[in-house]
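What follows is a set of notes on a single structure, which appears directly below.
Naming convention: chains lettered A, B, ... in sequence-line order (proteins, then strands); numbering from 1 in each chain. Treat the numbers as computed from the prediction; the structure is a model and nothing was measured.
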Amino acid sequence: MTDPQILLAERVQQALGTAFGQEYATEDPLIRPSQFADYQANVALSLAKRLRRAPREVAQALADAIDRTDVTVEVSGPGFLNMTLSDAWIAAQSARQAGNERLGVPQGTPKTVVIDYSAPNAAKEMHVGHLRTTIVGDSLARVHEHVGDKVIRQNHLGDWGTPFGMLIEHLLDVGEAEALGRLAAGDGNAFYQEARHKFDNDRTFEERSRSRVPQLQGGDPATLRLWDEFIEYTKRYFNHVYDVLGVTLTDDDIAGESMYNAMLADVCDELERTGVAVISEGALCVFPPGFTGRDDQPLPLIIRKSDGGYGYATTDLAAIRYRVSDLKTDRILYVVGVTQSLHFQMVFAAARMAGWLHDGVSAEHVQIGSVLGSDGKMFKTRSGASVKLTELLDEAVSRAEAVISERYDDPALRKEIARKVGIGGVKYADLSVSHDSEYVFDFDRMLALTGNTGPYLQYATARARSIFRRAEIDPADVSGPILLGEPQERALALHLLGFGAAVEAVAETSEPHRLCNYLFDLAQAFTSFYETCPVLKAEDESVRLSRLSLSALTLKVLLQGLNLLGIEVPERM
RNA sequence: GCGCCCUUAGCUCAGCCGGAUAGAGCAUCGGACUUCUAAUCCGACGGUCGGGGGUUCGAAUCCCUCAGGGCGCGCCA
């Protein structure tokens, strides 16, 4: 790890020990980026009261005790310690980072992390919100893998339950061949709506559908065959979307609701036997303490309906039990819409009551905010119908093509660039705002070539690449001492050192937007460097080599960072 | 009624384990191409951090309260 904050924290802690006694050596030195120096330590202020000394005095004593090798320290204001790193230290760390194939990203103690994401429902509307959970979850999976965790992707497909009776009946009505063709083409939503319409308006269809459900759950072979086909063709469509998006999910990651069917009865038995669940109004319910509904009544988590059927709470509980006991996970991330917040709170609480979730395992709901249309409401087309995802992505690509420079008239090249820019722009838009906030879907903003966008980062990367293309040098071959003559060089090198910390923070907090912000700042620092510091035309050979190294390092970090976000980068733009 | 989330510059958003004059981007205005991609860069303008109270040496950040908005809340998943 090359992060300067670590060095500074160690230095200050050491000084705390020598200045005030060893009991203070573990105090958080409160290192923060500073506008007056590279970093500042704020610990003197927070410690002053406990030491019963004036803050500035504490700061001075601390400053005097700090090992000043490669660091200048000065007391400032009411008791801040402004710390500036020597150019030599930064340059040395840069060289170290350049020589490190992990670019300064540490590998922690490996954990097993289950990441539950995407989870499209084969029987319900699928909209851009599903894209977002898929994209964010996929980035988290990539990041955890990169820091050394064992990642188990779990695509909790909505492939079971009441609506499937309806869908199977509709499939029979339409005819298998035609129905399956439509499903593979991504017409599942319309297919569902047709079925739903008949279900609501046609009594005999409704009855047929209802009687189909027990056959499905009971394992009737003819019904299962139809269900299998339905799911198979729906999966083809999902896989097509994943392919277009460049998402790492495969069929091996599918762990849909149907998978837990066989465990549900046992889940209920165990909960009932242990007294965690009780019968209420004919349904088997868990009443986790602290949850109340309307009229202050305890809020139930229904795990077996009064008609004997199971709902998604049962499935989710079965999944937790399975993930902890069979998958041996240390951490479960549920990358699911914010609207499910209450549901997950209750499921987690119930799982803790049952002892399935114990202190060694953390279950976290990574709440994904809703994607809104320009009207500020849930994203829909102008006509009010839900948007077909593939059409949305196609539009992103064709819009990207329209803004791509006319400098590329080779149609194949243009198309390839447009594809990466269009898809990358959509993905970056999902990743760059904090996952729990809503955001307004806006093609113009996410495909803009300036600002905190995917295309801007891709462009910065393409410019870095062009240096090496022009020089006919492989960035991987560049090495050499780094010299920090210009302020832009220093700022770039210093920012590069923070890469590892940024990646680590994403793994810890499940917030990919931190990495986006880091990369955006990096791209800006690089562009600024690029504008003011000629690389190939540098007057001095050692400066040229240094700048080449710096460019190579930047390029590698940008590529690695974008890869962790799941964003492809065209060779040129 | 209860619970969760949100309210920061004209717009879109960061910052929220308390720390100095609250930051970006877009938009607007003004500069910079005989120079490695100007799809860029540099600068300016712009904010009582929803209101009020509290804790603190210090609050956008923590606590309380009020207002406004979103989502959810017993047999869909």
Quick one: classify the glycosidic conformation of B/C33 as syn or anti, with syn meaning within 90° of 0.
syn
Look at all strands and tell whether [X] reaches a base, only sugar-phosphate, or nothing, counting heavy atoms closer than 4.0 Å.
X	result
A/L301	nothing
A/C516	nothing
A/F199	nothing
A/E257	sugar-phosphate
A/A462	base
A/T532	nothing
A/S306	base

Which nucleotide wins on minimum distance to the side chain of [X], given the candidates [options]?
X	options	answer
A/Y456	B/C41, B/G25, B/C75	B/C41
A/I302	B/C75, B/C36, B/C76	B/C75
A/F287	B/G74, B/U37, B/C73	B/G74
A/Q340	B/A77, B/U40, B/C42	B/A77
A/L449	B/G74, B/C36, B/U40	B/U40

May I ask you to check whether over 12 heavy atoms, not counting those of A/K305, lie within 6.0 Å of atom NZ?
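Yes, the 6.0 Å shell around NZ holds more than 12 heavy atoms from other groups.
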State whether A/R196 and A/D200 are salt-bridged, where the test is any N-O pair (Lys NZ or Arg NE/NH1/NH2 against Asp/Glu carboxylate O) under 4.0 Å.
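Looking at A/D200 together with A/R196, the answer is yes, because their closest N to O distance falls below 4.0 Å.
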Salt-bridge present (A/K420, A/E571; N to O < 4.0 Å):
no
Once side-chain hydrogen bond (donor to acceptor under 3.5 Å, both in side chains) is applied, do any residues pair with A/R470, and if so which ones, sequence neighbours excluded?
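Here no residue qualifies.
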Residue-phosphate contact under 4.0 Å: A/T292 side-chain N/O, B/C2 OP1/OP2
no
Can you tell me if the side-chain N/O atoms of A/R470 get under 4.0 Å from OP1 or OP2 in B/U37?
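So the side chain of A/R470 is within the cut-off, an N or O lying under 4.0 Å from OP1 or OP2 of B/U37.
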What dot-bracket string describes RNA chain B from 5' to 3', counting Watson-Crick and G-U wobble pairs whose defining distances are under 3.5 Å, with [ ] for crossing pairs and | for pairs to another strand?
(((((((..((((.....[...)))).(((((.......))))).....(((((..]....))))))))))))....
In B/S/- notation, 5' to 3', how is nucleotides 12-21 of chain B contacted by protein heavy atoms closer than 4.0 Å?
SSSS---BBB
In the structure I gave you, are the side-chain heavy atoms of A/V278 and A/L284 within less than 4.5 Å of one another anywhere?
no
Return yes if the base of B/G74 and the side-chain atoms of A/S280 contain a donor-acceptor N/O pair under 3.5 Å, otherwise no.
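For A/S280, whose side chain was compared with the base of B/G74, there is a donor-acceptor pair (under 3.5 Å).
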